[in-house]
Amino acid sequence: MVRYVGLETMKQLVAAVGVEPLLVGLTAAIEADFARWEAFEKAPRPASHSPHGVIELMPTTDGTHYAFKYVNGHPANAALGKLTVTGLGVLADVATGYPLLISEMTLLTALRTAATSALAARHLARRDARVMALIGLGAQSEFQALAFRALLGIEHLRVYDVDPAATRKFVRNLRGRGLTIVEAATAQEAVAGADIVTTATADKRHASVLPPEALRPGMHINAIGGDCPGKTELHPDVLRAASIFVEFEPQTRIEGDIQLLAPDHPVTELWRVVAGAAPGRRDDREITLFDSVGFAVEDFAALRFIEAQVAAIGVTVLDLVPDLAEPRDLFGLLDGGAAPPLGQPMVTTSLPAAWRAAKAAIALPPSASG
């Protein structure tokens, strides 16, 4: 049997644990897997692009477990009343190939993205950072705000979105959580006085939501909206002014904001900072930038984390894999047992009317006898 974590189970888990404690635990799980980054099989995710958006698969394995996520990115979905990003994930046992867990990954991706952002900022932002600007207040924004509060103590937010309804939604959802929220009239106004800037816009185009004149010494930029070819958020001069950190360089060169730079522009993979193999921030005046596109190791860590959380509770299980007394007798599963002895007539059970109609509608080829 395969454990199944749907939206209701995920909501119950978040309600029982709390959003911020869950984000803290998830960040620790991601950090632990970043520290053993070299144990993972890695490749840029295969992506299927269309005029409407992108559909991607994100697989990886550490040799003991295998995981993958199906995820889409369709910026125009909001106008249709649909989510821009949805996802589902599978965790499997490498030794047998059996799936262990199937999980929704729409909520979980939002949680793990926020956790990864906060993890990067813990290693890259100034220790005295207290004010964060959020540019783009879509589905990811509340998770980012709560992750940065839980992991870095950020309680003062300066926010901006081109859509006033998104700003109202953000303020409503975070009311009563102890955050000071200042609504800005422009992105540049939001950035003024911010120690950390998170950009999370969704348009599939080369945008410039953070111009170079908005930069200040010591700023940390958390860029999470540019995540596929042709979709960026930052002016090239912002990138050139910063020390850039990425998840998996071969993938970020294709999908991240650094697609705007020369292929040999220096970047540092974040795992090296986490593992102590490379320095993060060097001084309080350095501008640091985390160009995040999301990587499969983060989803692997998230699925393993959720599996551990639900292992002790009675979650739904799915009968996706047959449990056979005789593993070679897969056909016997269709009869509910072994085939009858030779010469004994086979007894068939009646099908529901709808099934009989469907069977009758199937066009069968003529038999070989005529």
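- The aromatic ring centres of Trp271 and Phe295 sit 6.0 Å or more apart.
- The salt bridge (Lys or Arg N to Asp or Glu O under 4.0 Å) contacts involving residues 83-99 comprise nothing, where partners must be two or more places apart or lie in separate chains.
- Every residue meeting the side chain to side chain contact (heavy atoms under 4.5 Å, CB included) condition with Thr252, not counting sequence neighbours, appears here in chain and number order: Val246, Ile258, Asp291, Val293.
- Put simply, the side chain of Lys169 never gets that close to the backbone of Pro164: no donor and acceptor are under 3.5 Å apart.
- A salt bridge between Glu255 and Arg45 is present, with a side-chain N of the basic residue lying under 4.0 Å from a carboxylate O of the acidic one.
- With hydrogens and angles ignored, the 3.5 Å screen pairs no side-chain donor or acceptor of Glu307 with any backbone N or O of Leu100.
- The distance from atom CZ of Arg281 to atom NE2 of His220, rounded to the nearest 0.5 Å, is 8.0 Å.
- Atoms CG and OH, on Leu88 and Tyr4 in that order, are 9.0 Å from each other to the nearest 0.5 Å.
- In this structure, OG1 on Thr84 lies 11.5 Å from CD on Gln140, to the nearest 0.5 angstrom.
- Atom CZ of Phe300 and atom OH of Tyr66 lie 11.5 Å apart (nearest 0.5 Å).
- Counting heavy atoms from C-beta on, the side chains of Pro279 and Arg282 come closer than 4.5 Å.
- Remark: Leu270 CG to Leu124 CG distance equals 6.0 Å, nearest 0.5 Å.
- No more than 12 heavy atoms of other residues, nucleotides or ligands lie within 6.0 Å of CD in Glu38, so this atom counts as exposed by the packing criterion.
- Put simply, the side chain of Arg172 does not reach to within 4.5 Å of the side chain of Glu142, judged on heavy atoms.
- Within the 4.5 Å cutoff, the side chain of Val54 has no heavy atoms near those of the Ser48 side chain.
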Mind running side chain to side chain contact (heavy atoms under 4.5 Å, CB included) on Thr199 and Leu234 for me, showing each step along the way? CA-CA 9 Å; Thr199 57; Leu234 305 179; 4.2 Å; yes
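- With hydrophobic clusters built from ILVMFWY side chains whose heavy atoms lie under 4.5 angstrom apart, Tyr98 does not share a cluster with Leu333.
- Membership of the apolar cluster around Val85 extends to Met58, Val71, as traced through chained side-chain contacts below 4.5 Å between ILVMFWY residues.
- At a threshold of 4.5 Å between non-hydrogen side-chain atoms, the residues Asp195 and Arg216 do not count as touching.
- Evaluation of the salt bridge (charged side-chain N to carboxylate O under 4.0 Å, His left out) rule for Glu155 yields no partner, not counting sequence neighbours.
- Without hydrogens or angle criteria, Glu31 side chain to Thr27 main chain gives no donor-acceptor distance under 3.5 Å.
- Between Leu151 and the choices Leu119, Leu146, Val24, the side chain to side chain contact (heavy atoms under 4.5 Å, CB included) rule is met once, by Val24.
- Around atom CG of Asp319, no more than 12 heavy atoms belonging to other residues, nucleotides or ligands sit under 6.0 Å away.
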Is there a side chain to side chain contact (heavy atoms under 4.5 Å, CB included) between Asp62 and Arg36 once you walk through the steps? CA-CA 9 Å; Asp62 66 351; Arg36 63 186 190 105; 3.0 Å; yes
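- A ring-centre distance under 6.0 Å is not found for Phe290 and Phe245.
- Listed for the Glu286 side chain is no donor-acceptor partner under 3.5 Å among the backbone atoms of Gly218.
- Taking NE2 of His235 as the reference point, atom CG of Leu210 lies at 10.5 Å (rounded to 0.5 Å).
- By the 4.5 Å heavy-atom criterion applied to side chains, Val238 and Leu289 are counted as neighbours.
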Can you give me every donor-acceptor pair (side chain of residues 105-114, partner residue at least two apart or in another chain, under 3.5 Å) with its distance?
residue: Thr106; atom: OG1; partner: Gly87; partner atom: N; Å: 3.1
residue: Thr109; atom: OG1; partner: Lys69; partner atom: NZ; Å: 3.0
residue: Thr109; atom: OG1; partner: Met105; partner atom: O; Å: 2.5
residue: Arg112; atom: NE; partner: Asp299; partner atom: OD1; Å: 2.7
residue: Arg112; atom: NH1; partner: Glu298; partner atom: OE1; Å: 3.2
residue: Arg112; atom: NH2; partner: Asp299; partner atom: OD1; Å: 3.2
residue: Arg112; atom: NH2; partner: Asp299; partner atom: OD2; Å: 3.4
residue: Thr113; atom: OG1; partner: Thr109; partner atom: O; Å: 2.7

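- Atom CD of Glu41 is surrounded by 12 or fewer heavy atoms from other residues, nucleotides or ligands within 6.0 Å.
- Side-chain N or O atoms of Glu233 include one that pairs as donor or acceptor with a backbone N or O of Thr201 at under 3.5 Å.
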Show the numbers, then the answer: is there a salt bridge (Lys or Arg N to Asp or Glu O under 4.0 Å) between Lys11 and Glu8? CA-CA 5 Å; Lys11 286 164 57 180; Glu8 282 305 314; 3.0 Å; yes
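- Residues Val182 and Leu157 are not in side-chain contact: their nearest non-hydrogen atoms beyond the backbone lie 4.5 Å or more apart.
- Formation of a donor-acceptor pair under 3.5 Å by the Arg177 side chain with backbone atoms of Leu179 is not found in this model.
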Enumerate donor-acceptor pairs with a distance under 3.5 Å from any side-chain N or O in residues 128-135 to protein atoms, sequence neighbours excluded.
residue: Asp128; atom: OD1; partner: Arg126; partner atom: NE; Å: 2.8
residue: Asp128; atom: OD1; partner: Arg126; partner atom: NH2; Å: 3.4
residue: Arg130; atom: NH1; partner: Arg127; partner atom: O; Å: 3.4

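- Between the Gln259 side chain and the Gly256 main chain, a donor and an acceptor come within less than 3.5 Å of each other.
- Asp161 contributes no side-chain N or O that, together with a main-chain N or O of Thr167, makes up a donor-acceptor pair within less than 3.5 Å.
- Although no hydrogens or angles enter the test, the distance criterion places no donor-acceptor pair under 3.5 Å between the side chain of Asn222 and the main chain of Val197.
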With side chain to side chain contact (heavy atoms under 4.5 Å, CB included) as the criterion, how do Arg3 and Ser103 come out once you've worked through the C-alpha distance, each side chain's angles and the decisive distance to 0.1 Å? CA-CA 8 Å; Arg3 288 193 181 100; Ser103 178; over 6 Å; no
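- Leu261 is not connected to Ile224 by any chain of hydrophobic side-chain contacts under 4.5 Å among Ile, Leu, Val, Met, Phe, Trp and Tyr, and they are in different clusters.
- With hydrogens and angles disregarded, no donor-acceptor distance shorter than 3.5 Å links the side chain of Asn72 to the backbone of Ile55.
- No more than 12 heavy atoms of other residues, nucleotides or ligands sit less than 6.0 Å from atom CZ of Arg285.
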